[in-house]
Protein chains: 2
Amino acid sequence: MKPFHSYQNPSLAVDLVVFGYSKQNLSVLLLNRKEAPFKDRWVLPGAFLQMEERFKDTCSRVLKTKLGMDDVYLEQLYSFDEPDRDPRGRTISVAYYALVNPARVAIAAGSMANDVSWFNINELPALGFDHDSIFQQALQRLRSKITYFPVGFELLDDLFTMPELHELYECILDTTIDRRNFRRKILDSEYIINTGKKREGSQNRHPDLYKFNKKLKQNSFQINI
Amino acid sequence: MKPFHSYQNPSLAVDLVVFGYSKQNLSVLLLNRKEAPFKDRWVLPGAFLQMEERFKDTCSRVLKTKLGMDDVYLEQLYSFDEPDRDPRGRTISVAYYALVNPARVAIAAGSMANDVSWFNINELPALGFDHDSIFQQALQRLRSKITYFPVGFELLDDLFTMPELHELYECILDTTIDRRNFRRKILDSEYIINTGKKREGSQNRHPDLYKFNKKLKQNSFQINI
DNA sequence: TCAAAAGTGTTATAATTACACCCATGG
DNA sequence: CCATGGGTGTAATTATAACACTTTTGA
């Protein structure tokens, strides 16, 4: 074996699929590139890994820059290795996905991009690099994960109603779910707590406000699609 | 952003958790290191990624060298990024796990290692680097995957009996499974085909020989543990 | 003919699905 | 007082879990 570090190493980047949910819309955050390659094309936000960074540090750096946000839900998705995936040279990308509440963030293009914007997941432009494929894999993972693990709460306000949670699931899974059965499964899982408060302001009956039970880490549930 | 490739890049390695199943034993392949760091300690086989390689190419190279084997089941597990995980310097490891039939491979230590050997998963030595953690994650993934996807067949001969498949599941999941319910679920999934042949040689009733239905890719099943 | 392992089916229980009525609210 | 949406329960169906007897084999 050659001595350590005599190997030439590929560049190592982190790319982020940032999901946001707002007004019954699941969206993803995209940047419009200012420079070649893929100039003026939309891509996922990302950055090269700096020597002292963990992947999550790089994610946080990107999220802070683009969203002015820290402390978001992050999960490693997959590492992408096609040799020609970046025309500038061999680059490995470790993809993460993030779940954020768009109401709490202020997106800003920064110096690197022409523009930054939320896109409804059903109305995405063709992305640069292999980012279409990364996005599809992230969506698949999110859809799978939300059926057995409480990640949905990351996309909502601290207090939310049962119909809001129900709509979130229907939107992400792109299906209809019986609201009575949904309520029962979610409540049985004990992942949410009824605060006793109610959402005021609507003309109709005021729905109960729930909060996420952050202490509970071991329970599991199954929302069938 | 700095010009491309002006970044210093971490080293990029691929590590492999090679599972083998034989005589009602689930084992993992380990190497005994000839050189520092972790000289004389057992570790997972791995290699640094060469510039033109995909991850799977690196996996194949390692498997060919250590096992004289190609064409094994490989799946990406996770990428490990702790800054101090390799004392020689910053190294990212992309972990894969492989499923092989030990009967078909001939393991050989090669010039890099003192020794190479199968270890029963319940009798592993403490591994070098962060390989204990990689192994644990691989075992967890295998256990999860085998309950809903037909990966078990990769560990058996082309022809196998229902009791053999049943034992494999019990061994991997470290539990008992009712053999009548197991048989029904596996057969309902249509992932295996009764060849009409029987395993001869035992003193007792000769069990039917099945083969894996490779054409079927979409079905799913659920073995509950 | 016997011990050991393989093949098979049925019943009880639990989980899921389908479905309808009452309640609270503001206009 | 009414239209709208939110809250709740039950019956039918389906899936899972528990369980025992019969068959084949070579010694």
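Basis for what follows: all heavy atoms, side chains included, without hydrogens, waters or symmetry-related copies. Each chain gets a letter, A, B and so on, in the order the sequences are listed, and its residues count up from 1.
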Check your understanding: What is the per-nucleotide protein-contact pattern of nucleotides 19-27 of chain D, from the 5' end, where B denotes a base atom under 4.0 Å from a protein heavy atom, S denotes such proximity for sugar-phosphate atoms only, and - denotes neither?
Key -> BB--BBBBS

Output the rounded distance in Å from [atom1] ([X]) to [atom2] ([N]).
X        : N      : atom1 : atom2 : value
B/Lys185 : D/dA18 : NZ    : C1'   : 13 Å
A/Ile177 : C/dT16 : CD1   : P     : 14 Å
A/Ile223 : C/dA15 : CD1   : C1'   : 13 Å
A/Gln222 : D/dT16 : CD    : P     : 11 Å
B/Leu187 : C/dG7  : CG    : C1'   : 11 Å
A/Asp208 : D/dT8  : CG    : C1'   : 12 Å
B/Phe221 : D/dA15 : CZ    : P     : 17 Å
B/Asp188 : D/dA17 : CG    : P     : 14 Å

Practice item. Work out which heavy atom in A/Ile107 is nearest to a heavy atom in A/Val116; give both atom names and the distance. Key: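 Shortest heavy-atom separation between A/Ile107 and A/Val116 comes out as CD1-O, 3.8 Å.
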
Point to revise | B/Asp71, CG: over 12 other non-hydrogen atoms inside 6.0 angstrom | key: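 No, because the 6.0 Å sphere around CG of B/Asp71 holds 12 heavy atoms or fewer from other groups.
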
**Study point:** Lys/Arg cation over aromatic A/Phe149: A/Lys145, 6.0 Å, 45° cone
**Key:**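 Yes, A/Lys145 sits over the ring of A/Phe149.
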
Check your understanding: Going by distance alone, is a donor N or O of one side chain under 3.5 Å from an acceptor N or O of the other, for B/Asn120 and B/Ser27?
Key ->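 Looking only at side-chain atoms, B/Ser27 and B/Asn120 do not form any donor-acceptor pair under 3.5 Å.
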
Review point. In terms of side-chain heavy atoms, does B/Glu167 have a donor or acceptor partner in B/Tyr169 at a distance below 3.5 Å?
Key: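 No, no side-chain donor-acceptor contact under 3.5 Å.
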
Point to revise | Parallel, tilted or perpendicular: ring planes of B/Phe80 versus B/Tyr78, cut at 30 and 60 degrees | key: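 If you compare the ring of B/Phe80 with that of B/Tyr78, the planes turn out perpendicular.
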
